[in-house]
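Written below as structure tokens is the structure these notes are about.
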Protein chains: 2
Amino acid sequence: MAETQHMSQRLPSPADLRAARRRIAGRAVPTPLLPAPGLSAVLDRPVFLKPECLQRTGSFKFRGACNRIAALEPAFRAKGVVAFSSGNHAQGVAAAAQMFGIAATIVMPSDAPRAKIEGTRSYGARVVLYDRATESREAIGARIAEETGATLVPPFDDPFVIAGQSTIGFEIVEAVAAIGLRLDALVTPLGGGGLASGLALALEQAAPDGKLYGAEPAGFDDAARSLATGAVQRNTVLTGSVQDSLLSPSLGVLTWAVLKSRLADVFAVTDAEALSASAYAALTLKLTVEPGGAAALAAVRKGALPEGDGALVIVLSGGNMDAEILAQALSGE
Amino acid sequence: MAETQHMSQRLPSPADLRAARRRIAGRAVPTPLLPAPGLSAVLDRPVFLKPECLQRTGSFKFRGACNRIAALEPAFRAKGVVAFSSGNHAQGVAAAAQMFGIAATIVMPSDAPRAKIEGTRSYGARVVLYDRATESREAIGARIAEETGATLVPPFDDPFVIAGQSTIGFEIVEAVAAIGLRLDALVTPLGGGGLASGLALALEQAAPDGKLYGAEPAGFDDAARSLATGAVQRNTVLTGSVQDSLLSPSLGVLTWAVLKSRLADVFAVTDAEALSASAYAALTLKLTVEPGGAAALAAVRKGALPEGDGALVIVLSGGNMDAEILAQALSGE
């Protein structure tokens with residue numbers, strides 16, 4: 001894959017996935033694979049957690065952003081990067097840019113939570129606020145890119161971003177193999193599909209018998225509808241769920257191309273189930289997992305997955321949430 | 001060290017420490033060493049976390065209990081184990097006994113939190129409740145040991161228990177070396193001293209230039225007073241701190257023998273500082289750390305440690321707390 005400024009709209013190749021692992025080595029945290037004895041006892045199979053909440057910036061997003069930036073030609077990279085995001089992608093891009101010593105401009109809605117704006121600024125990024133009602137973030141981003149020559153880092157529909165997220169899948173497969181087990185099922189939160197696509201491609205390469213499942217917010221089940229109809233379906237509303245990190249308009253061109261034939265099933269998770277999973281994570285697993293990041297855990301806890309005896313791995317994709325949301329989750333227990 | 005039922009009251013040898021690592025391999029979680037970029041930036045040195053809250057049963061206690069039980073002669077082991085504890089040690093012993101398929105009896109005060117009693121039972125242990133006001137847990141334990149032949153697993157003043165906790169220190173030293181850094185300082189919560197003693201002995205073997213620091217609850221600063229006076233001092237009161245996991249009457253015979261010459265300094269941490277550290281852990285580090293388990297983190301956050309440029313590692317020793325305490329910690333942020 002040529003390291004050009006503009007993304008080629010094709011799927012990452014096996015060589016691209018290997019290159020991503022080399023690029024993020026020493027930059028991203030190789031998060032551990034943790035046993036979950038309580039869930040293993042309930043499900044009568046070995047269950048493990050992949051806690052990407054422990055990744056730099058508190059979510060897996062750092063991996064894709066890091067690979068995207070690392071793969072840029074130095075002359076392009078020096079001009080900086082730009083991204084639109086009110087959440088985990090913003091912090092991932094900001095921290096990766098800081099690590100490479102380049103400028104990052106993040107376009108965020110002016111009504112984004114203070115904590116997320118401050119979090120993004122804490123990684124040295126310039127935050128440009130816009131009014132959701134009267135301004136277009138695309139227009140603002142295009143103007144910034146034109147003025148500065150900065151490269152846009154998309155949140156998910158990009159081969160370098162997908163390849164970056166695939167490193168999670170390779171780490172999982174290797175860690176499961178290292179303890180002498182067979183990976184049977186992998187469950188992930190599912191939004192725009194960058195993480196799920198990376199996991200799917202890693203499984204295809206390294207553990208082709210492993211099945212991939214997704215978990216998306218109930219009422220925002222575009223992936224399930226897309227699989228059922230065989231064509232990309234959209235969410236018409238993008239607010240109103242505490243699983244905010246999973247609220248994308250739809251799968252992307254690339255992520256749909258990957259996932260349409262590589263998802264064994266997709267489960268819908270209610271906000272109550274996601275909050276309960278966050279509370280379980282905090283009190284039992286000892287991990288802070290935001291409700292969207294806990295969607296796959298919620299699906300497992302409610303028995304959505306088919307039974308099996310091989311290893312089941314649950315991706316906990318992020319842990320960035322306000323204290324009030326965590327307190328709300330705890331109050332329900 | 002002979003594998004007898006009764007503990008020899010001597011310090012574990014280097015061979016004992018190596019044996020402990022072999023015994024807990026595949027049983028205890030080799031917890032990761034996690035970078036803490038935010039703390040590293042503030043302190044201008046590489047800072048890492050050793051999250052024993054991710055250990056089986058949610059605290060480091062599993063390691064010592066596992067080593068103690070694994071080292072028993074099979075004929076003694078078959079008769080089971082007994083322990084007194086209202087907290088993390090109870091769950092560590094119960095889970096280790098369950099793993100070896102032997103009976104565990106845990107003597108707990110009848111006013112212990114329901115969550116801890118249920119947690120201990122969830123690992124298959126028999127819980128014997130006693131009335132703090134009218135009954136002696138020692139007498140109850142002695143009767144159980146006499147009736148059943150069960151071996152007592154002490155919470156900290158035991159060479160096998162100390163050797164089990166030392167495995168944390170060896171893992172830290174190896175993980176720091178693997179990324180090409182020099183371990184300069186290690187900070188740990190300090191109660192009865194089993195964990196601190198294990199860390200001290202591991203440092204002595206594997207990183208003799210590394211300094212060990214302890215953090216204990218303000219108002220229960222027996223370790224600092226012991227170091228200052230050169231003799232074991234006691235806490236006269238054992239209730240009234242949210243750092244309950246660190247409230248021991250005093251250091252033990254063995255732990256004092258180890259620590260009197262191997263602690264660089266001990267810091268007092270207030271409950272407010274410990275709760276703030278728990279909130280920081282939950283929101284920023286994405287880890288659930290009980291206030292006592294966060295004492296070393298609290299000491300670092302308030303700038304108690306001397307400056308340095310080598311790697312600083314903070315042990316987060318446990319994460320078992322009621323939802324109400326975590327909510328209390330979050331409400332202060």
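Bear in mind the structure is a predicted one, so any value in this text is a computation, not a measurement. So that the names make sense, note that chain A is the first sequence line, chain B the second, and so on, each numbered from 1.
Under the 4.5 Å side-chain criterion, counting only non-hydrogen atoms from C-beta, L54(A) is in contact with L54(B).
The closest donor-acceptor contact from the side chain of T288(B) to the backbone of L283(A) lies at 3.5 Å or more, if one exists at all. Distance alone, capped at 3.5 Å, places no donor-acceptor pair between the K286(B) side chain and the G58(A) backbone.
Around the CG atom of D111(A), the shell of radius 6.0 Å holds more than 12 heavy atoms that belong to other residues, nucleotides or ligands.
Note on G38(B), A323(B), A41(B): by heavy-atom pairs under 4.5 Å with chain A, the leading option is A323(B).
Only the backbone of L285(B) comes within contact range of chain A, with heavy atoms under 4.5 Å apart.
Listed here is the closest heavy atom pair of L330(A) and A327(B): CD1-N, 4.1 Å.
Taking CG from L34(A) and OG1 from T31(B), the interatomic distance works out to 9.0 Å, rounded to the nearest 0.5 Å.
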